[in-house]
Amino acid sequence: MTFIQLFIFILIIQVIHFLGTWKLYEKAGRKWWEAAIPVYNGIVLMKIIKRPKWWVILLFIPIIHLLMFPIVWIETIRSFGKTSKLDSLLVLITLGFYIYYINYFTDVKYNEDRSLKPQSELGEWVSSIAFAIIAATLVHTYFMRPYVIPSSSLEKTLLIGDFLLVSKFHYGARVPMTPIALPMVHDSIPVVHKGSYFKKPQLPYMRLPGLQKIKRNEIVVFNWPADTLATMWGDNSGKYTYKPTDKKTNYVKRCVAIAGDTLQIIDGKIHINGEPSIMPDRSDLQHLYLYTSKEPFSRQNFPQSIINNERKSVLKIKKELWQDQRVQKAFKVKADLTKIGEDSLYVDLTGGIAQDLAERLNVVSYNNKMLVNLTEGEYQSIKNTPSVASLEKVIFPSDESVFPHDPKYQWSIDNFGPLYIPEEGKTIEINEKTIPLYKHLISEYEHHNDVMFTDDELFIDGQKVTDYTFSQNYYWMMGDNRHNSLDARSYGFTPMDHVVGKPVFIWMSWKDGMPWSGGTPRWDRFFTTVHGSGKPVSYLYYFLGFLVAWFGYSKFIKKKKKAA
């Protein structure tokens, strides 16, 4: 839907409103034409139903409007004496068109002295719940929303089991593009796992003014650009399905390159505009190493520094990675895939390590060799221990599964680029060298109606173009866990219209699952900030102190009022 189409749609809604209510406006002592003027008719209607004028604003906010319209329909008919449960049911199931029947075929009278107090205890509960949902939806959609970290791609900066509060207003809250959707859920309904939204209509991309622009190396929540899979709803048929931008899966990664940067990765190290990237002091990058021991691993000589790791895991590697010839080459062994169960993560390739130990540590090893995922600090502490024969950083060779998935570019996850990150308003030359890099971006994210590519030519709306000017900013998102992260090296650029918000706070953190599944709390991570320098400081006790003070003050005020 374009802005012109949106404008026409709003006008149609205004006409529908006018035709169904103009007589009711007259019966309420207003002029019939007041029902025809956009926005003003809403203000007049709020006076008629004796509700605040600011309700009109809620009627124009996507998602919120779905909750407000039914309330306004019910308030309207009750203002004209239709107060029965049947009347309320009829106006809801007819999507408000029951008001047409009242307007043209009944002789109702306006109840100027109508009480706004709910007529029953149930009605009071319903009213309270409805506005609680509206308030929560408003906060979730435009201000702050909770998320949980499900994977280890940003370990150790963010851990599996961290519960985040993500600010929508730092980068500017994005107006929902999918206006007909259930509030406070993402792409599927809990328990039933069915779609929570209608794919059409779609609103044009709009974003409210933000406090800041995305900075290099900030952690960002965004909608995964590559998400068009039905498997997100548990459908393993392999079928592809269209998902609106704001309903794509939420991802959290570090923005290692911003619009206008030139990115290059050299032996696993990121360079921006020709200079090594300086990471925040709270980041703790991890890389894959080939650990060779002087003798075969066993329970007795397995490295204690790895066993004692807070993660209790070296690297979770599913059976598909064993099928990767690069890994088999590193181990100098052909994996016996017949020993790998359908759901197994660990298998009999663990050499001399007892199976239960291998499963607990999630290690991948063979005889005296093991793939380990280490931070720089862990690497330094392990490399000179007596049992280590060698500890080599794994550098993956070129691979067409790496962006841009074209044989012209022999890039790998460890040696990549240079690649220009597009900036709004900047122009690139279109030729056989640039087309593989920006083809998907132009056809999918730049919102042209007719785009066609040949080997070295671009046609937009039937016209050949030799250069292209970008309409929005793009970003390069990567995980700190460099060899265990599905990130931009696989799917490419993240457009600004896919950006959700900025994680600002960890309000809760659980290790190894929630309490009912045997998890334990990480108290030192409760109420800590995500960004900033130095070791994160927990504000949990400050928060608890504030709650105690607040409840104490409230109790004191109540006693004082009662005594008066």
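Heads up: numbering here begins at 1 and tracks the sequence. Heavy atoms only: backbone and side chains are in, while hydrogens, waters and symmetry mates are out. Predicted model, so just to flag it, every value in this text is computed and none were measured.
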Mind telling me whether Tyr251 and Tyr491 have parallel, tilted or perpendicular rings, with 30° and 60° as the class edges?
perpendicular
Does a side-chain heavy-atom distance below 4.5 Å link Arg51 with Met46?
yes
With a 4.5 Å limit on heavy-atom distance, are the side chains of Asn217 and Ser283 in contact?
no
Assess the residue pair Gln202 and Thr178 against the criterion (side-chain contact (heavy atoms from CB on, under 4.5 Å)); give the C-alpha distance rounded to whole Å, side-chain angles, the decisive distance to 0.1 Å, and a yes or no.
CA-CA 5 Å; Gln202 284 288 300; Thr178 308; 2.9 Å; yes
Taking everything shown except Tyr100 itself, do over 12 heavy atoms lie less than 6.0 Å from its OH?
yes
Result for salt bridge (Lys or Arg N to Asp or Glu O under 4.0 Å) between Asp187 and one of Lys199, Lys247, Lys243, Lys248 points to Lys243
Look at atom OH of Tyr541 and say whether more than 12 heavy atoms of other residues, nucleotides or ligands are closer to it than 6.0 Å.
no
By the definition side chain to side chain contact (heavy atoms under 4.5 Å, CB included), identify the one residue from Ile64, Ile71, Leu67 that meets it with Leu58.
Ile64
Does Asp261 pair with Arg216 as a salt bridge, N-O distance under 4.0 Å?
yes
Using distance alone, with no hydrogens and no angle criterion, decide if Tyr468 and Glu446 have a side-chain donor and acceptor under 3.5 Å apart.
yes
Please verify the inter-ring angle class for Trp55 with Phe131; under 30° counts as parallel, over 60° as perpendicular, anything in between as tilted.
tilted
Taking everything shown except Tyr542 itself, do over 12 heavy atoms lie less than 6.0 Å from its OH?
no
Before we go on, tell me: are the rings of Phe527 and Phe505 under 6.0 Å apart, centre to centre?
yes
Return the CZ to NZ distance between Arg114 and Lys50, rounded to the nearest 0.5 Å.
8.5 Å
Please check if the distance between the ring centroids of Trp523 and Phe526 is under 6.0 Å.
yes
Would you say Arg522 and Ser538 are linked by a side-chain donor-acceptor pair, where the criterion is simply a distance under 3.5 Å?
no
Determine, using ring centers only, whether Phe556 and Tyr553 are less than 6.0 Å apart.
no
My understanding is that only one of Asp497, Thr494, Asn250 makes a side-chain hydrogen bond (donor to acceptor under 3.5 Å, both in side chains) with Asn223; could you say which?
Asn250
In this structure, are over 12 heavy atoms from other groups packed under 6.0 Å from Ile4 atom CD1?
no
Is the distance between the ring centroids of Tyr445 and His498 under 6.0 Å?
yes
Taking the six-membered ring for Trp, are Tyr474 and Phe470 parallel (under 30°), tilted (30 to 60°) or perpendicular (over 60°)?
perpendicular
Please indicate whether Trp54 has more than 12 foreign heavy atoms, meaning atoms of other residues, nucleotides or ligands, lying under 6.0 Å from its CH2.
yes
Inspect the surroundings of CZ in Phe3 and state if more than 12 heavy atoms from other residues, nucleotides or ligands are less than 6.0 Å away.
yes
From the options Tyr475, Phe403, Phe222, select the one residue that forms a ring-ring contact (aromatic ring centres under 6.0 Å, His included) with Phe493.
Phe403
